[in-house]
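Reviewing the structure listed below.
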Amino acid sequence: MSIWDRLGDFIARISASAASGVADVVEAVRTIFSGDAELRRRVAFSVAMIALSAKMAKADGVVSQDEIRAFYEIFSVPPEHARDVARLYDIAQQDVAGFEFYAERMARLCGTGHSNCPMLEDILDGLFHIAKADGLLHQREGTFLHRVSEIFRIEDAHYQTMLARHVDLGETDPYRVLGIERGKSFEDVRKHYRKLVAHNHPDRLIARGLPEEFIRIATTRIAAINAAYEMIERGLRHA
């Protein structure tokens, strides 16, 4: 059964009081899926992505068609479940609670409690993909994403690596994209690159809770890692 079927069932089962805000939605995820930890992680990831996407759109003040397309690239929502996603999105946008409150709740629901939690990084990567859809990362979006990263306990150096992945490689440092210092030997760079590729393989992301339907996050991340490595490889081989 797809995550959208599960999400549809979840929305059908939550009470009308869930419309009051994220606290009720989070508690519903914990309660309804208490007996299935893997399914709970997948639903929690989906809810977090939808809710924080809505909060980011509200913080920016303008929702562009590019952002809407990027949203559905990440989500690939079947037509029969579009209303389910729209309801959660509306709950988050209409909630009077600020995005920081949402991010804190989602961090508790999805995170490990440790810094640089991979699942929270996956959520942040999805938000980056949507934010940059119109070709620019606007100041308000950048402020939003950086604050979310702080709440998610993403270390600043790690956040800068994530940020670099979402900037045109013609304008950023490929070493920063890979999160490795300049001056390393080609062999060290290659070992680090292979470790990154293995760590970010779609199967690994699915194993830690990323629903299969969200695999675009993994493929865009791997594409940025590959492009950065190729730039470094060309430079080192011709040095």
Side-chain angles (χ1 to χ4, degrees), residues 1-59 63 68 71-72 74-114 117-127 129-130 144-145 147-154 205-217:
M1 183 179 289
S2 101
I3 191 62
W4 302 116
D5 293 319
R6 297 294 192 181
L7 199 58
D9 291 343
F10 165 71
I11 298 221
R13 292 175 64 181
I14 60 177
S15 66
S17 66
S20 66
V22 69
D24 294 318
V25 173
V26 168
E27 188 56 38
V29 172
R30 286 201 181 103
T31 302
I32 294 173
F33 302 104
S34 60
D36 190 333
E38 181 179 354
L39 180 57
R40 185 174 65 249
R41 283 196 302 270
R42 295 176 69 216
V43 172
F45 180 94
S46 307
V47 170
M49 279 296 307
I50 294 166
L52 289 174
S53 295
K55 283 299 184 185
M56 183 168 66
K58 188 172 183 179
V63 182
I68 292 172
F71 181 91
Y72 283 101
I74 287 287
F75 289 94
S76 301
V77 183
E80 63 270 25
H81 292 296
R83 291 181 65 184
D84 299 330
V85 173
R87 181 178 175 193
L88 275 180
Y89 195 92
D90 288 345
I91 287 172
Q93 276 212 321
Q94 294 169 17
D95 190 359
V96 296
F99 78 87
E100 292 177 324
F101 178 77
Y102 264 65
E104 289 166 1
R105 292 284 180 157
M106 293 308 167
R108 294 175 196 168
L109 187 64
C110 302
T112 60
H114 303 296
C117 169
M119 192 173 181
L120 295 178
E121 180 183 347
D122 295 338
I123 293 170
L124 195 60
D125 244 359
L127 294 174
H129 180 77
I130 294 168
F144 175 95
L145 291 166
R147 180 60 186 133
V148 169
S149 77
E150 292 175 334
I151 294 169
F152 282 2
R153 297 187 63 192
I154 304 294
L205 272 67
I206 290 170
R208 68 182 182 230
L210 182 75
E212 293 180 23
E213 293 84 352
F214 292 66
I215 213 63
R216 178 65 180 269
I217 293 173

Residue pair V85 / W4: nearest heavy atoms and the distance that separates them: CG2-CZ3, 3.6 Å
Measure the spacing between NZ of K55 and CZ of F101 and express it to the nearest 0.5 Å. 10.0 Å
Please enumerate all residues that pass side-chain contact (heavy atoms from CB on, under 4.5 Å) together with A48, with sequence neighbours excluded. M106, C110, I123
Contacts of T31 meeting side chain to side chain donor-acceptor pair (under 3.5 Å) (sequence neighbours excluded), chain-then-number -> E27
Could you grab the distance from atom CG of D125 to atom CG of L145, nearest 0.5 Å is fine? 10.0 Å
Chi angles and distances behind the side chain to side chain contact (heavy atoms under 4.5 Å, CB included) call for R87, I91: CA-CA 6 Å; R87 181 178 175 193; I91 287 172; 4.2 Å; yes
Quick one: list whatever passes side chain to side chain donor-acceptor pair (under 3.5 Å) with H81, sequence neighbours left out. D5, D84
Tell me every residue that passes salt bridge (Lys or Arg N to Asp or Glu O under 4.0 Å) with R83, counting only those two or more places apart in sequence or in another chain. none
Not counting sequence neighbours, which residues clear side chain to side chain donor-acceptor pair (under 3.5 Å) with E104? List them please. none
Which pair of heavy atoms, one from A103 and one from F152, lies closest together, and at what distance? O-CE1, 3.4 Å
side-chain contact (heavy atoms from CB on, under 4.5 Å) involving A82 - partner list, sequence neighbours excluded: none
For the student: nearest non-hydrogen atoms of V25 and F10, plus distance: O-CZ, 3.8 Å
Got a sec, which residues hit ring pair (Phe, Tyr, Trp, His ring centres under 6.0 Å) with F99, two or more places apart in sequence or on another chain? F144
With sequence neighbours excluded, what pairs up with E38 under the salt bridge (Lys or Arg N to Asp or Glu O under 4.0 Å) test? none
Looking only at heavy atoms, what is the nearest atom pair of L120 and A107, with distance? CD2-CA, 3.9 Å
What one should report as the nearest heavy-atom pair of Q93 and A57 is NE2-CB, 3.9 Å
Considering non-hydrogen atoms only, spot the tightest contact between L124 and V148 and give its length. CD1-CG1, 3.9 Å
So, taking the atom named CG in D36 and the one named CZ in R41, what distance separates them when rounded to the nearest 0.5 Å? 9.0 Å
Side chain to side chain donor-acceptor pair (under 3.5 Å) filter on Q94, not counting sequence neighbours, yields none
Within this structure, what is the CG-OG distance for the pair L7 and S46, rounded to the nearest 0.5 Å? 6.0 Å
Side chain to side chain contact (heavy atoms under 4.5 Å, CB included) for R30 and V26? Distances and angles first, verdict last. CA-CA 6 Å; R30 286 201 181 103; V26 168; 3.5 Å; yes
Using modelled atom types only, decide if a donor and an acceptor are shared between the side chain of R153 and the backbone of C117 within a distance under 3.5 Å. no
